[in-house]
Amino acid sequence: MGLKRAGKRSKNKGRLRNKIIMVSCMAVLFSLLIGDAFVSAAYYKNAWKGGKNSAYHNTRMLLSNMQTDEILTKVMDKNSLAYFFKLNNADIINPEYNLCYIISDENGSLEVPAEVYNHTVFSYDEISGLEYWLCDNWGVSYDIQNSDAKYTMYKWNGSHYMIIRMTIGDDGNVELFHIEDMTYVWEDTERIVLLLLALTAFLTIIMGNILTVVLRYILAPLDVLSDAARAMADNVYDRRVKIKQKDEIGELAESFNSMADAVSMHMKSLEESENKKTLLIGSLTHEMKTPVTAISGYAETLLSTKLSEEDKEEALQYIYEESVRLERLSKKLMKLFSLDNGTEEFTFANITAEKLFDSVKHSCTGALESKNILLECRENGEEFFVEPDLISELLINLVDNAIRASVENGKIILCAEGDVISVSDFGYGIPDEEIEHILEPFYMVDKSRSHKYGGVGLGLSIARNIAKLHNIKIEISSKVGEGTTVTLQFKRKAAA
Amino acid sequence: MPNRILIIEDETAIAHMIAMNLKVAGYETNIYENGAGAYEGLIKDHTYDLVLLDVMLPGMDGFSLLPVIEQYNIPVIFLTAKDDLDSKLRGLTGGAEDYIVKPFEIMELLVRMEKVLSRNNKTSSIIKVLNLEINIDEHTVKKNGEKINLKPMEFELLKVLVKNKNVAVSRERLLQMVWGVDYIGETRTVDVHIGQLRKKLGLTDNIKTISKMGYRLEE
């Protein structure tokens with residue numbers, strides 16, 4: 001059992017923490033990624049705008065360079081241009097188109113006059129593809145202010161090129177195509193995105209670690225609580241948790257402690273009542289064994305043995321007496337249990353001491369007369385708010401005990417005074433060390449004397465239970481050889 | 001001379017029941033109903049052959065009385081309602097010969113008492129009943145001084161009946177006590193031997209058949 005629990009425990013340890021960390025990290029990661037996307041998009045937009053501007057600027061620069069250069073004259077001159085291209089790439093370009101391809105290098109270097117002749121990048125196939133493509137996609141105005149320039153994008157060999165078309169020459173029959181490598185815009189954007197992603201990952205990891213540490217600290221009390229609860233399940237009821245956190249967990253710990261208090265108190269009282277019951281049943285078995293032994297023994301003797309008439313009569317007499325004793329025992333037990341279980345409903349009423357004493361006198365007459373004992377009642381019209389039958393029973397039990405403790409021709413005083421009723425006898429008395437026990441079931445100071453007068457050892461236990469129902473404090477003072485006084489201190493004053 | 005048995009038992013009903021049965025079985029009895037009384041009584045008179053001792057006694061309990069009785073060399077059988085192992089061990093290791101828990105059967109008590117008495121050589125080997133004289137050691141029976149021959153099983157049966165005189169003993173119990181626990185036989189065997197005893201010893205009127213109970217030797 002213990003092993004199983006321990007296993008279960010390690011399996012779930014830190015699960016809540018991990019869940020919280022996971023969820024938090026996911027949420028943060030997601031938000032950061034959205035931020036990243038926005039930042040990247042904005043950057044790309046800006047970079048693209050700047051790239052376009054610089055490309056256009058470069059075209060202008062190229063143009064102005066051309067105009068100040070002799071090349072420009074060459075360019076402007078249809079024939080020389082044709083010558084130039086024929087000379088270098090005669091097969092490639094058809095001069096009739098009046099086109100001039102100027103390709104800037106990767107660095108955007110515009111040393112066009114010196115190098116323009118050497119920058120033949122495109123193969124024939126490519127150029128024809130480019131042509132085709134160019135023809136199809138023209139018409140995008142670069143910007144309004146420079147409506148003489150148009151551009152389009154061309155992707156080739158993993159690089160992005162921007163092709164700017166500009167009409168030059170006085171008659172406008174010469175068009176300048178400036179091709180600018182724009183790959184850096186994508187490369188920069190890509191770098192930024194990577195940087196942002198790295199940053200995002202880094203931040204997420206940092207946050208995860210911080211959360212781990214913080215949560216471990218915050219959630220540590222849960223382990224303590226869980227241990228304590230498990231201990232309680234294993235019947236350890238005195239464990240309390242020491243958690244002084246001022247939050248829900250602290251509150252939980254507090255609740256747990258008060259629950260533990262309640263449970264341990266409840267268990268203690270359960271154990272006590274269980275012990276009491278075991279003791280009661282032990283004594284009960286013992287109390288029943290004697291009459292049962294006597295009855296069965298006499299019956300067996302009568303059945304198997306040849307007895308004189310005298311002996312037969314004695315045997316029958318004993319059988320009768322012992323069965324009466326058993327019956328008395330069972331009646332008293334029923335009374336005790338019904339009081340213990342609280343199954344009966346009680347109606348409280350005001351009753352005068354006089355009436356109570358009368359009923360006691362009436363019930364005890366037989367016993368009193370058999371020992372010739374005088375019962376003296378003293379009262380001054382006191383009233384008590386009680387359940388009359390139960391209190392009569394209580395007093396009868398006390399007087400019964402007093403009679404059993406008294407010698408013949410003795411006296412018993414039943415006295416009401418204010419909130420107190422007392423029963424005093426002048427009999428054998430109870431030794432000091434036994435006083436605390438005499439309210440226990442089946443406790444008898446002198447068993448043979450008690451049995452002789454029909455005691456079963458339950459009267460005072462019943463009295464105690466009745467007193468408990470009424471919040472009455474029972475006090476017993478006694479001196480061996482002088483007598484005993486039992487005092488009932490009533491808590492409730494009669495409601496006058 | 002009958003064995004003297006002291007009963008120390010605070011329950012009058014039980015003490016008298018035991019005494020009644022022991023008297024019928026041929027014992028002489030004395031009763032003390034409290035420990036202190038028994039202690040004082042024993043000082044004055046301790047010529048008992050066996051003490052039946054209760055544990056829970058007013059005045060002085062059985063365990064404290066045990067060494068007092070031991071010093072007079074009287075065997076003790078505890079007779080008590082306490083059936084926990086501790087008490088049993090305490091009683092038996094304390095020197096008691098036997099420990100009987102209430103409620104008990106009279107027959108069992110008688111058998112156990114007899115065992116204890118014979119173990120302590122307190123039983124006489126010659127039992128006189130009616131006009132019979134039975135010598136346990138010699139295995140002989142004399143009727144009016146005249147020797148009568150009995151078969152071994154008949155003698156054993158007579159012994160049991162005599163020892164339980166005036167008490168009815170069932171056929172099953174007789175079978176068990178005379179022929180032994182292992183004997184596989186019918187109760188008819190008992191009837192046949194009883195018939196032999198009645199005939200040989202002329203006990204037709206004294207060995208009574210008690211319906212449902214068995215046989216009883218009446219004096």
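The sequence lines fix the lettering, A, B, ..., with proteins before strands; numbering per chain opens at 1.
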Nearest heavy-atom neighbours spanning B:R216 and A:S304: NH1-O, 2.9 Å
Does any part of the side chain of B:N21, heavy atoms only, come nearer than 4.5 Å to the side chain of A:E300, both counted from C-beta? no
Chain A interface, residue from B:K23, B:K102, B:K82 that has the most non-hydrogen pairs under 4.5 Å: B:K102
Looking at every non-hydrogen atom in both residues, tell me the closest pair between A:D311 and B:M20 and how far apart they are. O-CE, 3.4 Å
For atom OH of B:Y72, is the number of surrounding heavy atoms from other residues, nucleotides or ligands below 6.0 Å larger than 12? yes
Can you tell which part of B:V101 gets under 4.5 Å to a heavy atom of chain A, answering side chain, backbone, both or neither? side chain
Counting heavy atoms not belonging to B:Y39, are there more than 12 under 6.0 Å from its OH? no
Provide the closest heavy-atom pair for B:I106 versus A:G297 in the form atom of the first, atom of the second, distance. CG1-O, 4.2 Å
Rounded distance (nearest 0.5 Å) linking atom CD of A:E322 with atom CD1 of B:I14: 7.0 Å
NZ (B:K208) with more than 12 external heavy atoms under 6.0 Å: no
Just wondering, more than 12 heavy atoms not from B:K159 lying within 6.0 Å of its NZ? yes
With a 4.5 Å limit on heavy-atom distance, are the side chains of B:M17 and A:Y318 in contact? no
Considering non-hydrogen atoms only, spot the tightest contact between A:K289 and B:P103 and give its length. CG-CD, 3.9 Å
So what's closer than 4.5 Å to chain A heavy atoms on B:K165: side chain, backbone, both or neither? neither
Contacting moiety of A:L307, where chain B heavy atoms sit under 4.5 Å: side chain
Contacting region of B:V24 [heavy-atom separation from chain A under 4.5 Å]: side chain
Do other residues, nucleotides or ligands put more than 12 heavy atoms under 6.0 Å from the CE atom of A:M267? yes
Contact between A:T293 and B:E11 at the side-chain level, heavy atoms closer than 4.5 Å - yes or no? no
Which answer fits B:T12, side chain, backbone, both or neither, if we ask what part of it has an atom under 4.5 Å from a heavy atom of chain A? both
So does A:M288 have more than 12 non-hydrogen atoms from other groups sitting under 6.0 Å from CE? no
Step through the shown structure and confirm whether more than 12 heavy atoms of other residues, nucleotides or ligands are within 6.0 Å of CD on A:E433. yes
Among the options A:L303, A:T305, A:V292, A:I295, pick out the one with the most heavy-atom pairs lying under 4.5 Å from chain B. A:T305
So with a 6.0 Å cut-off around CD of A:E313, is the heavy-atom count from everything else above 12? no
